[in-house]
Number of protein chains: 2
Amino acid sequence: MDKIKVLVVDDHPMVLEGMQAMLSQIDFVFIAGLARNAYQAMELIKADMPDILITDISMPEIGGVELAAKLRKEYPVIKIIAMSTFNERSLISQMVQQGASGYLLKSASREQIEEAIITVNGNKLYMSLELELSKKEQDEMGKVPMLTSREKEVLSLIAEGFTNSQIAEKLFVSPYTVDSHRKNLLTKFDVNNTAGLIKLAAKHGLV
Amino acid sequence: MDKIKVLVVDDHPMVLEGMQAMLSQIDFVFIAGLARNAYQAMELIKADMPDILITDISMPEIGGVELAAKLRKEYPVIKIIAMSTFNERSLISQMVQQGASGYLLKSASREQIEEAIITVNGNKLYMSLELELSKKEQDEMGKVPMLTSREKEVLSLIAEGFTNSQIAEKLFVSPYTVDSHRKNLLTKFDVNNTAGLIKLAAKHGLV
DNA sequence: TCATCAATCCCTTTTTCAGGGGATTTTTTC
DNA sequence: GAAAAAATCCCCTGAAAAAGGGATTGATGA
(Lines give C-alpha, C1' and ligand atoms only; values in the text may rest on other atoms or scores of the structure.)
Protein backbone atom coordinates (compact mmCIF):
# COMPACT_ATOMS: atom_id res chain seq x y z
CA MET A 1 0.00 0.00 0.00
CA ASP A 2 0.93 3.64 -0.28
CA LYS A 3 2.67 5.29 2.60
CA ILE A 4 0.48 7.15 5.04
CA LYS A 5 1.19 10.87 5.01
CA VAL A 6 1.43 12.22 8.53
CA LEU A 7 1.70 15.83 9.64
CA VAL A 8 2.72 16.66 13.19
CA VAL A 9 1.83 19.84 15.07
CA ASP A 10 3.32 20.73 18.43
CA ASP A 11 4.81 23.85 19.92
CA HIS A 12 7.53 21.94 21.77
CA PRO A 13 10.61 21.38 19.61
CA MET A 14 11.51 18.34 21.66
CA VAL A 15 8.22 16.62 20.94
CA LEU A 16 8.47 17.52 17.27
CA GLU A 17 11.97 16.07 17.03
CA GLY A 18 10.97 13.03 19.01
CA MET A 19 7.97 12.43 16.81
CA GLN A 20 10.07 12.80 13.69
CA ALA A 21 12.59 10.31 15.01
CA MET A 22 9.94 7.79 15.93
CA LEU A 23 7.84 8.19 12.82
CA SER A 24 10.88 7.75 10.59
CA GLN A 25 11.28 4.32 12.17
CA ILE A 26 7.88 3.29 10.87
CA ASP A 27 8.27 2.19 7.28
CA PHE A 28 4.73 2.78 6.07
CA VAL A 29 4.70 6.38 7.28
CA PHE A 30 5.75 9.38 5.25
CA ILE A 31 6.32 12.55 7.25
CA ALA A 32 4.41 15.21 5.38
CA GLY A 33 5.74 17.94 7.62
CA LEU A 34 6.31 19.32 11.07
CA ALA A 35 4.55 22.43 12.30
CA ARG A 36 5.11 24.45 15.44
CA ASN A 37 1.66 26.00 15.46
CA ALA A 38 -1.74 25.91 13.84
CA TYR A 39 -0.89 28.51 11.20
CA GLN A 40 2.11 26.57 9.95
CA ALA A 41 -0.01 23.45 9.98
CA MET A 42 -2.69 25.06 7.80
CA GLU A 43 -0.07 26.16 5.28
CA LEU A 44 1.50 22.75 5.09
CA ILE A 45 -1.91 21.18 4.66
CA LYS A 46 -2.72 23.52 1.81
CA ALA A 47 0.56 22.64 0.13
CA ASP A 48 0.36 18.90 0.59
CA MET A 49 -2.72 17.23 2.00
CA PRO A 50 -1.77 14.70 4.68
CA ASP A 51 -3.80 11.62 5.57
CA ILE A 52 -3.38 12.03 9.29
CA LEU A 53 -2.65 15.00 11.46
CA ILE A 54 -1.16 14.44 14.89
CA THR A 55 -1.65 17.53 17.01
CA ASP A 56 -0.96 18.69 20.51
CA ILE A 57 -4.05 19.82 22.35
CA SER A 58 -2.76 22.82 24.24
CA MET A 59 -0.83 25.27 22.16
CA PRO A 60 -0.53 29.04 22.40
CA GLU A 61 -2.92 31.11 20.28
CA ILE A 62 -4.80 28.38 18.45
CA GLY A 63 -5.15 25.18 20.42
CA GLY A 64 -5.70 21.66 19.16
CA VAL A 65 -9.43 21.81 19.74
CA GLU A 66 -9.85 24.90 17.59
CA LEU A 67 -7.56 23.48 14.93
CA ALA A 68 -9.59 20.29 14.82
CA ALA A 69 -12.80 22.29 14.47
CA LYS A 70 -11.33 24.22 11.55
CA LEU A 71 -10.08 21.11 9.81
CA ARG A 72 -13.35 19.30 10.18
CA LYS A 73 -14.98 22.04 8.15
CA GLU A 74 -12.32 22.68 5.56
CA TYR A 75 -10.68 19.29 5.17
CA PRO A 76 -13.00 16.66 6.63
CA VAL A 77 -10.96 13.90 5.00
CA ILE A 78 -7.99 14.42 7.26
CA LYS A 79 -8.01 12.21 10.31
CA ILE A 80 -6.91 13.74 13.53
CA ILE A 81 -4.97 12.20 16.37
CA ALA A 82 -4.88 14.38 19.45
CA MET A 83 -1.91 14.37 21.75
CA SER A 84 -1.68 15.54 25.31
CA THR A 85 0.07 15.05 28.60
CA PHE A 86 -1.46 13.00 31.34
CA ASN A 87 -3.00 15.91 33.13
CA GLU A 88 -5.21 17.13 30.33
CA ARG A 89 -7.67 14.30 30.21
CA SER A 90 -10.62 16.57 30.66
CA LEU A 91 -10.11 17.75 27.10
CA ILE A 92 -10.59 14.35 25.53
CA SER A 93 -14.31 14.64 25.11
CA GLN A 94 -13.98 18.09 23.62
CA MET A 95 -11.46 16.80 21.14
CA VAL A 96 -13.57 13.81 20.18
CA GLN A 97 -16.55 16.11 19.73
CA GLN A 98 -14.46 18.11 17.29
CA GLY A 99 -13.89 15.00 15.26
CA ALA A 100 -10.63 13.59 16.54
CA SER A 101 -10.29 9.90 15.70
CA GLY A 102 -7.47 9.13 18.04
CA TYR A 103 -5.90 10.02 21.29
CA LEU A 104 -2.27 9.63 22.25
CA LEU A 105 -0.40 10.52 25.38
CA LYS A 106 2.95 12.23 25.08
CA SER A 107 4.37 9.35 27.00
CA ALA A 108 3.47 7.02 24.12
CA SER A 109 5.95 4.48 22.80
CA ARG A 110 6.82 4.00 19.12
CA GLU A 111 4.60 0.93 19.08
CA GLN A 112 1.63 2.87 20.38
CA ILE A 113 2.10 5.60 17.83
CA GLU A 114 2.30 3.00 15.11
CA GLU A 115 -0.84 1.34 16.38
CA ALA A 116 -2.66 4.65 16.55
CA ILE A 117 -1.80 5.49 12.96
CA ILE A 118 -2.88 2.08 11.67
CA THR A 119 -6.11 2.14 13.64
CA VAL A 120 -7.09 5.64 12.64
CA ASN A 121 -6.13 5.04 9.03
CA GLY A 122 -8.53 2.12 9.08
CA ASN A 123 -11.31 4.51 10.10
CA LYS A 124 -11.43 3.22 13.63
CA LEU A 125 -11.13 5.09 16.89
CA TYR A 126 -7.84 4.81 18.74
CA MET A 127 -7.56 5.48 22.44
CA SER A 128 -4.29 5.22 24.26
CA LEU A 129 -4.38 2.25 26.62
CA GLU A 130 -3.41 4.34 29.59
CA LEU A 131 -6.44 6.43 28.84
CA GLU A 132 -8.97 3.67 28.96
CA LEU A 133 -7.50 2.32 32.19
CA SER A 134 -9.96 0.96 34.61
CA LYS A 135 -13.56 0.21 33.82
CA LYS A 136 -14.35 2.17 36.92
CA GLU A 137 -12.93 5.34 35.47
CA GLN A 138 -14.75 4.84 32.21
CA ASP A 139 -17.99 4.25 34.01
CA GLU A 140 -17.36 7.34 36.03
CA MET A 141 -16.78 9.28 32.85
CA GLY A 142 -19.96 7.96 31.39
CA LYS A 143 -22.09 8.73 34.36
CA VAL A 144 -20.63 12.16 35.01
CA PRO A 145 -23.62 14.47 34.92
CA MET A 146 -23.38 17.62 32.87
CA LEU A 147 -22.53 20.93 34.42
CA THR A 148 -24.93 23.72 33.60
CA SER A 149 -23.37 27.04 32.69
CA ARG A 150 -24.37 28.59 35.98
CA GLU A 151 -22.91 25.68 37.88
CA LYS A 152 -19.65 26.11 36.02
CA GLU A 153 -19.49 29.73 37.07
CA VAL A 154 -20.22 28.96 40.67
CA LEU A 155 -17.87 26.00 40.74
CA SER A 156 -14.95 27.93 39.39
CA LEU A 157 -15.53 30.72 41.89
CA ILE A 158 -15.67 28.17 44.69
CA ALA A 159 -12.38 26.76 43.46
CA GLU A 160 -10.90 30.23 43.53
CA GLY A 161 -11.70 30.40 47.20
CA PHE A 162 -14.69 32.70 47.39
CA THR A 163 -17.39 32.13 49.97
CA ASN A 164 -21.02 31.73 49.03
CA SER A 165 -21.86 35.30 49.88
CA GLN A 166 -18.89 36.65 47.94
CA ILE A 167 -19.97 34.63 44.93
CA ALA A 168 -23.52 35.88 45.40
CA GLU A 169 -22.28 39.46 45.16
CA LYS A 170 -20.28 38.77 42.04
CA LEU A 171 -23.19 37.10 40.28
CA PHE A 172 -25.80 39.55 41.56
CA VAL A 173 -27.92 36.83 43.12
CA SER A 174 -28.92 35.83 46.61
CA PRO A 175 -26.51 33.80 48.75
CA TYR A 176 -29.30 31.25 48.95
CA THR A 177 -29.07 30.73 45.23
CA VAL A 178 -25.37 30.16 45.32
CA ASP A 179 -25.84 27.74 48.15
CA SER A 180 -28.43 25.88 46.11
CA HIS A 181 -26.01 25.51 43.23
CA ARG A 182 -23.34 24.38 45.66
CA LYS A 183 -25.63 21.77 47.15
CA ASN A 184 -26.70 20.57 43.73
CA LEU A 185 -23.08 20.11 42.81
CA LEU A 186 -22.43 18.17 46.00
CA THR A 187 -25.28 15.77 45.42
CA LYS A 188 -24.97 15.49 41.64
CA PHE A 189 -21.32 14.56 41.82
CA ASP A 190 -21.52 12.68 45.07
CA VAL A 191 -18.90 14.60 47.00
CA ASN A 192 -19.26 16.01 50.46
CA ASN A 193 -17.11 19.05 50.91
CA THR A 194 -15.25 21.92 49.32
CA ALA A 195 -12.19 19.80 48.65
CA GLY A 196 -14.29 17.46 46.55
CA LEU A 197 -15.75 20.37 44.64
CA ILE A 198 -12.32 21.71 43.82
CA LYS A 199 -11.19 18.33 42.55
CA LEU A 200 -14.28 18.43 40.38
CA ALA A 201 -13.41 21.86 39.08
CA ALA A 202 -9.95 20.61 38.20
CA LYS A 203 -11.40 17.62 36.39
CA HIS A 204 -13.51 19.92 34.28
CA GLY A 205 -10.66 22.26 33.51
CA LEU A 206 -12.10 25.16 35.48
CA VAL A 207 -8.86 25.92 37.30
CA MET B 1 38.10 21.15 23.77
CA ASP B 2 36.86 17.65 24.42
CA LYS B 3 33.26 16.88 23.78
CA ILE B 4 30.93 17.12 26.73
CA LYS B 5 29.48 13.74 27.62
CA VAL B 6 25.76 13.97 28.26
CA LEU B 7 23.43 11.31 29.61
CA VAL B 8 19.67 11.74 29.31
CA VAL B 9 17.07 10.16 31.59
CA ASP B 10 13.37 10.30 30.87
CA ASP B 11 10.58 7.77 30.94
CA HIS B 12 8.90 9.19 27.82
CA PRO B 13 10.32 7.69 24.62
CA MET B 14 9.32 10.78 22.73
CA VAL B 15 11.35 13.08 24.92
CA LEU B 16 14.29 10.72 24.78
CA GLU B 17 14.17 10.62 20.99
CA GLY B 18 13.68 14.35 20.78
CA MET B 19 16.62 14.97 23.07
CA GLN B 20 18.79 12.63 21.07
CA ALA B 21 17.85 14.39 17.85
CA MET B 22 18.53 17.81 19.29
CA LEU B 23 21.73 16.91 21.11
CA SER B 24 23.17 15.29 18.00
CA GLN B 25 22.84 18.67 16.33
CA ILE B 26 25.21 20.20 18.88
CA ASP B 27 28.75 19.50 17.78
CA PHE B 28 30.47 19.72 21.13
CA VAL B 29 28.14 17.22 22.75
CA PHE B 30 28.67 13.48 22.90
CA ILE B 31 25.64 11.48 23.87
CA ALA B 32 26.86 9.11 26.57
CA GLY B 33 23.56 7.30 26.66
CA LEU B 34 19.80 7.37 26.99
CA ALA B 35 18.02 5.88 29.98
CA ARG B 36 14.33 5.30 30.57
CA ASN B 37 14.61 5.20 34.34
CA ALA B 38 16.94 5.80 37.25
CA TYR B 39 18.20 2.21 37.35
CA GLN B 40 19.29 2.27 33.72
CA ALA B 41 20.87 5.64 34.35
CA MET B 42 22.93 4.33 37.27
CA GLU B 43 24.19 1.43 35.17
CA LEU B 44 25.16 3.67 32.30
CA ILE B 45 26.93 6.00 34.70
CA LYS B 46 28.89 3.13 36.19
CA ALA B 47 29.93 2.02 32.72
CA ASP B 48 30.86 5.41 31.38
CA MET B 49 30.91 8.48 33.58
CA PRO B 50 29.16 11.40 31.89
CA ASP B 51 29.90 15.07 32.50
CA ILE B 52 26.31 16.12 32.59
CA LEU B 53 23.11 14.29 33.34
CA ILE B 54 19.85 15.66 32.03
CA THR B 55 16.98 14.12 33.94
CA ASP B 56 13.25 14.37 34.07
CA ILE B 57 11.92 15.26 37.49
CA SER B 58 8.86 13.08 37.72
CA MET B 59 9.39 9.47 36.82
CA PRO B 60 7.80 6.30 38.13
CA GLU B 61 9.58 4.52 40.97
CA ILE B 62 12.64 6.71 41.41
CA GLY B 63 12.06 10.36 40.54
CA GLY B 64 14.56 12.96 39.48
CA VAL B 65 14.89 14.37 42.96
CA GLU B 66 15.85 11.02 44.46
CA LEU B 67 18.21 10.30 41.58
CA ALA B 68 19.92 13.65 42.09
CA ALA B 69 20.30 12.94 45.80
CA LYS B 70 21.90 9.60 45.04
CA LEU B 71 24.28 11.03 42.48
CA ARG B 72 25.34 13.86 44.73
CA LYS B 73 26.61 11.28 47.20
CA GLU B 74 28.09 8.73 44.83
CA TYR B 75 29.23 10.83 41.90
CA PRO B 76 29.40 14.45 43.04
CA VAL B 77 31.36 15.40 39.90
CA ILE B 78 28.40 14.88 37.59
CA LYS B 79 26.44 18.03 36.95
CA ILE B 80 22.72 17.70 36.85
CA ILE B 81 20.22 19.49 34.67
CA ALA B 82 16.65 18.91 35.74
CA MET B 83 13.85 18.83 33.23
CA SER B 84 10.15 19.22 33.78
CA THR B 85 6.91 20.34 32.24
CA PHE B 86 5.48 23.72 33.00
CA ASN B 87 3.26 22.55 35.78
CA GLU B 88 5.90 21.15 38.06
CA ARG B 89 7.61 24.35 39.07
CA SER B 90 7.17 23.69 42.73
CA LEU B 91 9.82 21.03 42.49
CA ILE B 92 12.56 23.39 41.36
CA SER B 93 13.73 24.32 44.82
CA GLN B 94 13.79 20.69 45.88
CA MET B 95 15.87 19.85 42.84
CA VAL B 96 18.30 22.70 43.42
CA GLN B 97 18.61 21.63 47.04
CA GLN B 98 19.61 18.20 45.79
CA GLY B 99 22.40 19.74 43.81
CA ALA B 100 20.94 20.38 40.39
CA SER B 101 22.90 23.00 38.49
CA GLY B 102 20.38 23.65 35.81
CA TYR B 103 16.73 23.67 34.99
CA LEU B 104 15.12 23.15 31.62
CA LEU B 105 11.53 23.04 30.55
CA LYS B 106 10.41 20.32 28.20
CA SER B 107 9.31 23.04 25.86
CA ALA B 108 12.95 24.11 25.49
CA SER B 109 14.44 24.83 22.08
CA ARG B 110 17.71 23.40 20.80
CA GLU B 111 19.37 26.74 21.53
CA GLN B 112 18.22 26.69 25.12
CA ILE B 113 19.47 23.17 25.63
CA GLU B 114 22.80 24.16 24.14
CA GLU B 115 23.00 27.18 26.42
CA ALA B 116 22.11 25.10 29.44
CA ILE B 117 24.87 22.60 28.73
CA ILE B 118 27.48 25.31 28.19
CA THR B 119 26.47 27.20 31.30
CA VAL B 120 26.36 24.19 33.56
CA ASN B 121 29.62 22.85 32.15
CA GLY B 122 31.18 26.15 33.13
CA ASN B 123 30.08 25.55 36.70
CA LYS B 124 27.35 28.13 36.57
CA LEU B 125 23.68 27.81 37.32
CA TYR B 126 21.30 27.69 34.38
CA MET B 127 17.65 28.56 34.71
CA SER B 128 15.29 28.41 31.78
CA LEU B 129 14.16 31.92 30.83
CA GLU B 130 10.52 31.01 31.05
CA LEU B 131 11.17 29.99 34.60
CA GLU B 132 12.54 33.27 35.79
CA LEU B 133 9.60 35.13 34.30
CA SER B 134 8.32 37.95 36.39
CA LYS B 135 10.17 39.37 39.34
CA LYS B 136 6.93 39.10 41.18
CA GLU B 137 6.83 35.36 40.81
CA GLN B 138 10.42 35.04 41.88
CA ASP B 139 9.82 37.17 44.92
CA GLU B 140 6.83 35.07 45.76
CA MET B 141 8.95 31.97 45.40
CA GLY B 142 11.62 33.45 47.60
CA LYS B 143 9.27 34.33 50.37
CA VAL B 144 7.37 31.07 50.29
CA PRO B 145 7.92 29.59 53.74
CA MET B 146 8.99 26.00 54.00
CA LEU B 147 6.53 23.26 54.76
CA THR B 148 7.49 21.05 57.67
CA SER B 149 7.05 17.35 57.17
CA ARG B 150 4.05 17.25 59.43
CA GLU B 151 2.46 20.13 57.62
CA LYS B 152 2.92 18.31 54.34
CA GLU B 153 1.09 15.30 55.71
CA VAL B 154 -1.76 17.37 57.04
CA LEU B 155 -1.97 19.50 53.93
CA SER B 156 -2.21 16.56 51.59
CA LEU B 157 -4.92 14.98 53.71
CA ILE B 158 -6.85 18.24 53.70
CA ALA B 159 -6.56 18.30 49.93
CA GLU B 160 -7.93 14.80 49.81
CA GLY B 161 -11.04 16.03 51.52
CA PHE B 162 -10.68 14.75 55.05
CA THR B 163 -11.93 16.79 57.98
CA ASN B 164 -9.72 17.77 60.88
CA SER B 165 -10.96 14.99 63.10
CA GLN B 166 -10.55 12.37 60.37
CA ILE B 167 -7.00 13.53 59.87
CA ALA B 168 -6.44 13.46 63.62
CA GLU B 169 -7.46 9.81 63.69
CA LYS B 170 -5.18 8.91 60.82
CA LEU B 171 -2.19 10.62 62.40
CA PHE B 172 -2.99 9.48 65.96
CA VAL B 173 -3.03 13.00 67.33
CA SER B 174 -5.63 15.31 68.79
CA PRO B 175 -7.98 17.22 66.49
CA TYR B 176 -6.62 20.34 68.16
CA THR B 177 -3.20 19.55 66.78
CA VAL B 178 -4.48 19.14 63.28
CA ASP B 179 -6.32 22.38 63.63
CA SER B 180 -3.13 24.07 64.77
CA HIS B 181 -1.30 22.86 61.72
CA ARG B 182 -4.15 24.02 59.56
CA LYS B 183 -4.08 27.45 61.14
CA ASN B 184 -0.34 27.68 60.78
CA LEU B 185 -0.69 26.88 57.12
CA LEU B 186 -3.40 29.49 56.70
CA THR B 187 -1.31 32.24 58.29
CA LYS B 188 2.07 31.18 56.93
CA PHE B 189 0.84 31.17 53.37
CA ASP B 190 -1.62 33.97 53.75
CA VAL B 191 -4.72 32.19 52.56
CA ASN B 192 -8.06 32.10 54.32
CA ASN B 193 -9.89 28.90 53.56
CA THR B 194 -9.75 25.32 52.40
CA ALA B 195 -9.72 26.30 48.75
CA GLY B 196 -6.53 28.27 49.31
CA LEU B 197 -4.95 25.33 51.11
CA ILE B 198 -5.72 23.00 48.25
CA LYS B 199 -4.16 25.36 45.74
CA LEU B 200 -1.14 25.34 48.02
CA ALA B 201 -1.06 21.57 48.07
CA ALA B 202 -1.18 21.56 44.29
CA LYS B 203 1.66 24.06 44.13
CA HIS B 204 3.79 21.81 46.28
CA GLY B 205 2.99 18.71 44.32
CA LEU B 206 1.00 17.07 47.10
CA VAL B 207 -1.96 16.15 44.93
C1' DT C 1 22.96 27.19 78.02
C1' DC C 2 19.66 29.70 76.00
C1' DA C 3 16.81 30.61 72.15
C1' DT C 4 14.30 28.87 68.41
C1' DC C 5 11.25 25.94 66.21
C1' DA C 6 8.49 21.88 65.39
C1' DA C 7 4.95 19.42 67.23
C1' DT C 8 1.73 18.76 70.47
C1' DC C 9 -2.60 20.15 73.08
C1' DC C 10 -6.49 23.15 74.94
C1' DC C 11 -10.51 26.80 74.86
C1' DT C 12 -13.91 30.28 72.76
C1' DT C 13 -16.45 32.84 69.30
C1' DT C 14 -18.01 33.71 64.77
C1' DT C 15 -18.61 32.43 60.16
C1' DT C 16 -19.23 29.22 56.64
C1' DC C 17 -20.57 24.82 54.95
C1' DA C 18 -23.37 20.47 54.55
C1' DG C 19 -27.75 18.41 54.50
C1' DG C 20 -32.40 18.56 54.83
C1' DG C 21 -36.82 20.64 53.55
C1' DG C 22 -39.42 23.56 50.37
C1' DA C 23 -41.17 27.15 46.55
C1' DT C 24 -41.34 30.31 42.39
C1' DT C 25 -40.00 31.91 37.90
C1' DT C 26 -37.88 31.75 33.60
C1' DT C 27 -36.07 29.09 29.72
C1' DT C 28 -35.71 25.05 26.93
C1' DT C 29 -37.45 21.31 24.68
C1' DC C 30 -40.64 18.19 22.88
C1' DG D 1 -48.82 24.83 24.68
C1' DA D 2 -47.41 21.53 28.14
C1' DA D 3 -43.59 19.32 30.40
C1' DA D 4 -38.97 19.37 31.85
C1' DA D 5 -34.96 21.61 33.20
C1' DA D 6 -32.40 25.53 34.90
C1' DA D 7 -32.13 29.24 37.81
C1' DT D 8 -33.81 31.66 41.42
C1' DC D 9 -35.12 32.31 46.43
C1' DC D 10 -36.24 31.01 51.44
C1' DC D 11 -35.72 28.54 56.24
C1' DC D 12 -33.57 25.45 59.73
C1' DT D 13 -30.13 22.49 62.04
C1' DG D 14 -25.81 20.70 63.18
C1' DA D 15 -21.08 20.21 61.88
C1' DA D 16 -16.90 22.07 60.43
C1' DA D 17 -13.72 25.63 59.60
C1' DA D 18 -11.66 30.33 60.51
C1' DA D 19 -9.71 33.36 63.74
C1' DG D 20 -8.39 34.61 68.05
C1' DG D 21 -6.15 33.43 72.37
C1' DG D 22 -2.53 30.52 74.99
C1' DA D 23 0.60 26.47 76.85
C1' DT D 24 3.92 22.44 76.99
C1' DT D 25 7.42 19.30 75.34
C1' DG D 26 11.60 18.00 72.84
C1' DA D 27 15.08 18.58 69.53
C1' DT D 28 18.51 21.58 67.18
C1' DG D 29 21.71 24.73 66.92
C1' DA D 30 24.14 29.07 67.89
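Residue numbers start from 1 in every chain, and the chains themselves are labelled A, B, ... in the order their sequence lines are given, proteins ahead of strands.
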Can you tell which of C:dG21, D:dA17, D:dA7 lies closest to the side chain of B:N164?
D:dA17
Verify the contact: side-chain N or O of B:T194 to OP1 or OP2 of D:dA17, cut-off strictly under 4.0 Å; return yes or no.
no
Has B:Y176 got a side-chain N or O lying under 4.0 Å from the OP1 or OP2 atom of C:dC11?
yes
Nearest to side-chain heavy atoms of B:R182, which nucleotide of C:dA18, D:dA18, C:dA7
D:dA18
Side chain of B:T163 only, heavy atoms from C-beta on: which candidate in C:dC11, D:dA17, C:dA18 is closest?
D:dA17
Is any side-chain N or O of B:H181 closer than 4.0 Å to OP1 or OP2 of C:dA7?
no
Return the nearest nucleotide to the side chain of A:S174; candidates are C:dC11, D:dC10, C:dG20.
D:dC10
Check this one for me: any side-chain N or O of B:T177 less than 4.0 Å away from OP1 or OP2 of C:dA6?
no
When we call it a touch if two heavy atoms are under 4.0 Å apart, what does A:S149 touch: a base, just sugar-phosphate, or nothing?
sugar-phosphate
Check this for me: does the side-chain of B:T148 come within 3.5 Å of the base of C:dC5 through a donor and an acceptor?
no
Distance check needed: C:dA7 C1' versus B:L147 CG, whole Å only.
15 Å
Output the single nucleotide from C:dT8, D:dA19, D:dT8 whose closest atom is nearest the side chain of B:R150.
C:dT8
Decide if atom CZ of B:R150 counts as having more than 12 heavy atoms of other residues, nucleotides or ligands within a radius under 6.0 Å.
yes
For the side chain of A:S180, counting heavy atoms from C-beta on, which of D:dA18, D:dC9, C:dG19 is nearest?
D:dC9
